[in-house]
Amino acid sequence: MTGEVRTTCPYCGVGCGVLARVEGGRVHVRGDPDHPSNFGRLCSKGSALGETMALDGRVLHPEIKGQRATWDAALDLVAQRFSEAVAQHGPDSVGFYVSGQLLTEDYYVANKLLKGFVGTANIDTNSRLCMASSVAGHKRAFGEDIVPGTYEDLEAADLVVLVGSNLAWCHPVLHQRLLAARQQRGTRIVVIDPRRTATAEDADLHLAIRPGSDVLLFNGLLAHLAATGATDPDHIAAHTTGFDATLALAQADAPDRTRVARGCDIPPADLDRFYEWFARTPRTVTVYSQGVNQSAHGTDKVNAILNVHLATGRIGREGAGPFSVTGQPNAMGGREVGGLANQLAAHMGFTAPELDRVSRFWNAPHLARAPGLKAVDLFEAARTGSLKALWIMGTNPAVSMPDAGKVREALQKLPFVVVSDVTRTDTTRHAHVLLPAAAWGEKDGTVTNSERRISRSRAFLPVPGEARPDWQIVTDLARRMGFSAAFPYRTRAEIFREHAALTAFENTGDRLLDLGALADLPDDAYEALSPIQWPAKRGTEPGGRLLAIRFPTPDGRANLVPVRHEGPALPVSRDHPIALTTGRLRDQWHTMTRTGLAPRLSAHAPEPVLDLARREAQALNLHDNDLVQIESPLGLALAKLRVSDSLRPGEAFLPMHWSGLFAARASTGPLSNPATDALSGQPELKHVPVRVTKAPTRWTGLLLTRRDIRPTGLLHWSRARVPGGWAYELTGAEPPREGTLLARALLPASARDTLIDYADKRAETWRAASLAPDGSLAEALLVAPPGQLPDRSWLLSLLASSAPLTPLDRRALLSGRAPTPQPDKGRILCACMGSA
Ligand SMILES: Nc1nc2c(c(=O)[nH]1)N[C@H]1C(S)=C(S)[C@@H](COP(=O)(O)OP(=O)(O)OC[C@H]3O[C@@H](n4cnc5c(=O)[nH]c(N)nc54)[C@H](O)[C@@H]3O)O[C@H]1N2
Ligand SMILES: Nc1nc2c(c(=O)[nH]1)N[C@H]1C(S)=C(S)[C@@H](COP(=O)(O)OP(=O)(O)OC[C@H]3O[C@@H](n4cnc5c(=O)[nH]c(N)nc54)[C@H](O)[C@@H]3O)O[C@H]1N2
Ligand code: SF4
Ligand SMILES: [Mo]
């Protein structure tokens, strides 16, 4: 294929346009200058997309119990087992757990099949772990799940408040747009985050609040706005309800600024500055993300933020509004189709008129009548036996769910597990039936970004092996289950039109989600569709800001919601005295199935590292690079330690990315608390109490290899992609001799006849290396006491090169020292070269 294909980045919810081109067997990408999300920019992850397209680890054929099978056999079995479960145990004995990485068309058919035809609402999504509190907060305040603003509002604002959002790393191109606008107009940026993140570094004011104290901070703000006459009484009177009760509770909760400053544990002067800036700045946008949503009180946190915007009339206007940024590429599309268990479809719920309307539209007499199980409850039902069959599509719950130990137990116990994914993961290991899905670049459809903009994701590569797009797989299953008439789809365009038509069906303006203008989109117009923001109502100009005056509630008014500050679900204790939070790194995406394949992206943070506040590190006598054990009341993880001055005393941070494919026991899932927000069902992934202790390390090792292995028998290992292969960090608890034997066993039999095999018993060091037939380095294994491994950059350069080793290199391998003195650059290349 030649020429550039216009598509959309498969990572974050900014939804950047990408121009992709295949040349010389390689994928090249650049930012689409015409896409209104990014105007040509890409961040480090987006610009490295071409380096992550290898087929390593891809699932290429259907499998039944690990054995290759035909599509017919696999789908017949799925249809049979799902139908049997429904017949014997009722529709609620089956479920789907889907993902914001699916395209809207995939999502739509999965939702329609389960809710419309199987007759259960047990379809939930990883958006439960991500956006559920924002959805619930929006519905409580606005009557509908609406993000009112646009990206341009961040550029037109005079004050941007970022709450629990590390925008610089997680929505980098939007952050770049904000910083560029600040250059022009001097926008003030306030960051509210317990950690001093990269985003906080760029802020005018950073409030490092006590974790979970956001409601107190915003209640205090509402009380301050009221006390200083900074609210908008006309807006409150004309367009809202609940102000008085909300203010009364806010005042009771946050009676004065001293108490708020103390409760949030921030300097009173900083609190005053924030409140005064907010009070004085009509053009204020409040951006919020997982530091708000992923809490057992996430919905209250959301409403505390919405309250101050409603009370000041700062909503739906240029440069003003609350702005929940979405995480995944199609988190918003999933919310549109209704892929959460407590939604029905197209922003409709389970009231009688809505059930009636959707059942007529789908011609589905057996529609699910009530909300289904939310993610945490869905896996609990699997573990305790009431769920009999589960299909997991495009997500890795064995890693990303809280209390992941129990989730794995559930997957073991389930009588029937189907997984469709593009790669092998910790979850696919539990699949009775494994189905190969088409990946980004091969699949084709639409996604919606944080600002309600629908963009096309287009294919530019052939689908490898027998992989198929998810919509086709689900359609095929639906037909086998006897629902052919309702699943006649031959193309994605047909599905998209039906989805658009449902949003407009009997929509008299009470649902702002209206894609009626796209319901008759001809095939060629669908193919050529330019990014379009909704609403896209028939006969009106699409897009724009929403919720300036009228709200989609019965009385047209927004609700201010009284909320009270509550502590974390599981507070720190004597046994678990440290507050652990979890989140993201700049250059990795979730469980690393894609970004973990790019050396450039892996270089930024090659190992799983626990950041621990300096005070605790000192008290526990822990130092940089110590391997530590992290125990919460739920489970355990291991990681290297980094003493941090970016954390408040008493706190720690562990990135969520490392799965069992990239490290032994370094995942956050088993540690994380499954306690959920009562309204949204979103788990408290941002807070769990832990204790941290030093792991008994006797030796450390480095294995450079071209092979893809998973070491066993070690205390710990992790690996990172490097040019030419993998670099494994090894840690052993045994005395050096046994350690050496263990480490040696990692070499393949063919490499036992090693070029170099050097041991120094006194110094407890050992080195081995073997050559490929062409004389280049194939494997190198070094073992030494902790902290004594030699500089690795020259070794990495040997693995990267396909040239035969020189005599100088060989001598250097034997001595364990670089041939010419080279400064230890820490880690090979820096990934920022390509960043936005
Ligand atoms: N590089 C990268 N980018 C991504 C992703 C990725 O995996 N990698 N994933 C995407 C997805 S799906 C999502 S959902 C988004 C998430 O984007 P973000 O929400 O911005 O990212 P997180 O790192 O999960 O969490 C944000 C911050 O919440 C803070 N926090 C913790 N507790 C509290 C609290 O009590 N109050 C406040 N105010 N803050 C708190 C944490 O310290 C953290 O810095 O990122 C998207 N973008
Ligand atoms: N402790 C802790 N846990 C967290 C979080 C946290 O901050 N802390 N964040 C939570 C959040 S916000 C999120 S969004 C989740 C993310 O968690 P997951 O959804 O588990 O993460 P991914 O690694 O993105 O998994 C996506 C899977 O889908 C596959 N895939 C990609 N595209 C397709 C496709 O088109 N079709 C199919 N069938 N498969 C596809 C990928 O290969 C990958 O295996 O993690 C949550 N878990
Ligand atoms: S900001 Fe980066 S990760 Fe997000 S969509 Fe744009 S290029 Fe992709
Ligand atoms: Mo997310």
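Note: hydrogens, waters and symmetry copies are ignored here, and every other heavy atom, side chains too, is used. In each ligand, atom 1 is the first atom listed, and ligand 1 is the first ligand listed.
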Under 3.5 Å between any N/O of G394 and any N/O of ligand 2: does that happen in this structure?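 Such a contact does occur with ligand 2.
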Is [X] touching ligand 2 with its side chain, its backbone, both, or neither, if touching means heavy atoms under 4.0 Å apart?
X: K443; value: side chain
X: T593; value: side chain
X: A439; value: neither
X: T425; value: side chain

Near D470 (heavy-atom distance under 4.0 Å), the atoms of ligand 2 are 34 (C), 35 (O), 36 (N), 37 (C), 38 (N)
If you look only at distance, which donor and acceptor atoms sit under 3.5 Å apart when one is on a side chain in residues 211-221 and the other is two or more places apart or in another chain?
from: S213; atom 1: OG; to: R210; atom 2: O; distance (Å): 2.6
from: D214; atom 1: OD1; to: K301; atom 2: NZ; distance (Å): 2.8
from: N219; atom 1: ND2; to: D253; atom 2: OD2; distance (Å): 2.9
from: N219; atom 1: ND2; to: V563; atom 2: O; distance (Å): 2.9

By chain and number, the residues contacting ligand 1 below 4.0 angstrom (heavy atoms only) are C12, K45, C130, V163, G164, S165, N166, W169, C170, H171, I192, D193, P194, R195, T197, P211, G212, D214, S289, Q290, G291, K301, G327, Q328, T581, G583, R584, L585, R586, Q588, W589, H590, H657, K686
Residue set satisfying ring-ring contact (aromatic ring centres under 6.0 Å, His included) with W440, at least two apart, ordered chain then number -> F460
### Query
Protein N/O/S atoms under 2.8 Å from atom 4 (Fe) of ligand 3: how many?
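For atom 4 (Fe) of ligand 3, the figure is 1.
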Taking the six-membered ring of W169, is the NZ or CZ of R584 close enough (under 6.0 Å from the centre) and on axis enough (within 45°)?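 R584 over W169 ring: no.
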Requested in this report: Please determine if R177 forms a cation-pi arrangement with Y151, meaning its NZ or CZ atom is less than 6.0 Å from the six-membered ring centre and no more than 45° off the ring axis.
Outcome: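 The answer is no, since R177 fails at least one limit relative to Y151.
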Near L42 (heavy-atom distance under 4.0 Å), the atoms of ligand 3 are 7 (S)
Search all heavy atoms of S632 against all heavy atoms of L671 and return the closest pair with its distance.
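Taking S632 first and L671 second, the nearest heavy atoms are OG-O, 2.8 Å.
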